Amino acid sequence: MDEIQQLVRDFADSARRALAAGFEVAEVHGAHGYLINSFLSPASNHRTDAYGGSFEDRIRFALEVVDAVRAVWPDHLPVFFRTSATDWLTENPEDDREGWTGEDTVRLAKELQAHGVDLLDVSTGGMVRDAKIPTKPGYQVPFAAQARNAVSIPTGAVGLINDPRQAEEIVATGQADAVLLGRELLRDPYWPQGPRR
Ligand SMILES: Cc1cc2nc3c(=O)[nH]c(=O)nc-3n(C[C@H](O)[C@H](O)[C@H](O)COP(=O)(O)O)c2cc1C
């Protein structure tokens with residue numbers, strides 16, 4: 001328990017350092033099998049104390065980190081939360097392992113909104129090594145849309161979004177409020193400015 005409280009303070013300290021370094025957005029990383037994600041998911045969290053077991057207990061650490069970061073991060077600057085919206089177990093009829101689901105993400109999103117998170121960055125996977133992930137363009141967007149319909153904070157869609165029309169359609173059709181890009185911006189940092197003449 002002492003170690004958990006120290007970890008919560010460590011997250012707050014890192015936010016303090018990011019602020020001092022001039023960053024204007026703090027993103028709490030609750031995805032991809034990292035520490036916070038490992039508390040959230042029933043696939044990894046087998047604790048029997050106040051930080052494991054029920055949904056409320058598994059999300060406790062995430063909310064404590066968010067509270068600690070929000071407390072040191074200025075009100076006028078945003079805090080994002082990156083989530084793995086699914087462990088990709090329940091989507092696979094051949095996999096009967098218990099995992100984190102899109103419905104869990106909706107429940108978490110409501111709590112995150114109440115705890116002062118400004119944007120939910122919706123990724124997936126990374127917790128269960130051998131989960132089958134049906135990767136294709138925009139494959140994570142439905143999870144952003146599912147969360148967006150349930151909360152009033154903005155959501156961001158991410159993952160194999162590499163065509164400007166695809167990005168525009170995601171936002172224009174209300175599936176997400178923002179599109180977050182990874183590899184495409186490494187390939188072409190001027191991508192948002194449109195095709196080069
Ligand atoms: C080699 C590689 C390493 C990554 N490492 C991280 C990471 O450490 N943290 C993270 O949040 N996302 C990580 N990602 C995921 C990206 O942030 C992004 O969500 C992902 O690449 C999907 O977006 P894209 O298709 O636009 O690249 C990684 C992706 C790749 C391909």
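Indexing begins at 1, ligand by ligand and atom by atom, following the structure's order. In this chain, residues are counted from 1 in sequence order. Small disclaimer: the values here were computed from a predicted structure and weren't measured.
A donor-acceptor pair is defined here as one N or O able to donate and one able to accept, closer than 3.5 Å; no such pair exists between the side chain of Arg82 and the backbone of Leu120.
Residues lining ligand 1 at a heavy-atom distance below 4.0 Å are given as His29, His32, Tyr34, Arg82, Val158, Gly159, Leu160, Leu181, Gly182, Arg183, ordered by chain and residue number.
The ring-ring contact (aromatic ring centres under 6.0 Å, His included) pairs that include a residue from residues 80-106 are Phe55-Trp100, Trp88-Phe143, where partners are two or more places apart or lie in different chains.
The number of heavy atoms from other shown groups lying within 6.0 Å of CG (Asp2) does not exceed 12.
Ion pairing between a basic and an acidic side chain is recognised when a charged N comes within 4.0 Å of a carboxylate O; Asp67 and Arg70 show no such pairing. Checked for salt-bridge contact, Arg60 and Glu111 miss the test: no charged N lies under 4.0 Å from a carboxylate O.
Side-chain polar atoms of Thr105 and Gln146 form no donor-acceptor pair below 3.5 angstrom.
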